[in-house]
2 protein chains.
Amino acid sequence: MIKTAKVNHTLRPLDADEQRLAQMLKALGNPVRFHIVQVLAERKMCITGELVEFTTLAQSTVSQHLKVLREAGLIEGEVEGPATCYCLNEAGIRWLKERIGGWLAGCCGDAAAAAPSDGDPACCK
Amino acid sequence: MIKTAKVNHTLRPLDADEQRLAQMLKALGNPVRFHIVQVLAERKMCITGELVEFTTLAQSTVSQHLKVLREAGLIEGEVEGPATCYCLNEAGIRWLKERIGGWLAGCCGDAAAAAPSDGDPACCK
DNA sequence: AGGTTTTATCGTAAAATTACGATATAAGGA
DNA sequence: TCCTTATATCGTAATTTTACGATAAAACCT
């Protein structure tokens, strides 16, 4: 329950890209889902049942996790008979990498633009 | 309550780097914390009270969120009098970017190594 | 010394997430 | 047709996370 009495100064609404990034990070922020995408990267593709075998969770739980990853645009599934075969969503992963690479600009600026005077730049100076 | 009866095949334990990455993703997977790091990137530094003003949350809540970010290695705080001044942890952010950049290798291979025969590569082929 | 500001931490309630079993549905086989 | 396999979804319980108020402690000021 968020108090509305406090004036919200600068927390501007997230634009579409930021929302997408936040959704991806949230999806990956769960240990099981973190694992799943790694497994998919290694194996290239898995059917639901295989992922169920890899984890120690119920099939329904894995299915839910897959849904979160799917909706975040990190994986995609193709129905093959009664099974569903999942793999990473390459476009989504690429987007994530590019987005993170440019995220929080001004923090890790170009080495040419930011010449560290010390090996240990002061935190709050 | 995770069932232990199921054989855990290939979910190998995460190594230290993977654990660190998972922790960072988890920290960033919360909307408030996502916002905080963006604010810190824009403003370079903030004291706790300022971040409290930016959000609509209680001070104690913000403090908790800051703790999660701090422990994940994404921000750092320096005590100045009664206040604490926070900024992004540049080394941690840089590490995150590099790690994400190389994560899930084999998925977004080099364009030279993976020549797409179609504009829309099959998912589970 | 007393008062004010600031904040991290604690305890707890509320909210959100994750886990599970049940089940309907689709696909495939005998 | 019946049976089996596979899975997404639903309802719900369990667990975790997030929110809040209270408070102790540190720093600063009068």
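The chains referred to below are lettered A, B, ... by the order of the sequence lines, with proteins before strands, and numbering in each begins at 1. Bear in mind that the values here come from a model prediction, so they are computed numbers and not experimental data. Scope of the values below: all heavy atoms of this structure, side chains included, with no hydrogens, waters or symmetry mates.
In this structure, NE2 of B:His65 is placed 18 Å from P of D:dT16, rounded to the nearest angstrom. One atom, CD1 of A:Ile75, and another, C1' of D:dA8, lie 13 Å apart when rounded to the nearest Å. Whole-Å rounding puts the B:Glu80 CD to D:dA26 P distance at 18 Å.
Scored by the side chain to side chain donor-acceptor pair (under 3.5 Å) test, B:Gln38 finds A:Glu18, A:Trp103 as partners (sequence neighbours excluded). Take A:Ala83 and apply the side chain to side chain contact (heavy atoms under 4.5 Å, CB included) test, not counting sequence neighbours, and it matches A:Ile47. Judged as a side chain to side chain donor-acceptor pair (under 3.5 Å), and not counting sequence neighbours, the contacts of B:Asp17 are B:Arg99.
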Under 3.5 Å, side-chain donor or acceptor atoms of residues 62-73 of chain B against the rest of the protein: list the pairs with distances, not counting sequence neighbours.
| from | atom 1 | to | atom 2 | distance (Å) |
| --- | --- | --- | --- | --- |
| B:His65 | ND1 | B:Arg33 | NH1 | 3.0 |
| B:Arg70 | NH1 | B:Tyr86 | OH | 2.8 |

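Atom CG of A:Leu28 and atom CD1 of A:Ile93 lie 7.0 Å apart (nearest 0.5 Å).
In terms of modelled atom types and a separation under 3.5 Å, the side chain of B:Glu76 and the main chain of B:Asn89 share no donor-acceptor contact.
Shown are B:Ile36, B:Ile75, B:Val39; of these, the side chain to side chain contact (heavy atoms under 4.5 Å, CB included) with B:Leu88 is made only by B:Ile75.
Note on the helix from C:dA1-D:dT30 to C:dA30-D:dT1: angle between the axes of the first and last five pairs equals 10°, rounded to 10 degrees.
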Starting at the 5' end of nucleotides 3-9 of chain C, put B wherever the base has a protein heavy atom under 4.0 Å, S where only the sugar-phosphate does, and a dash everywhere else. --BBBBB
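At least one side-chain nitrogen or oxygen of A:Asn30 sits closer than 4.0 Å to the OP1 or OP2 atom of C:dT18.
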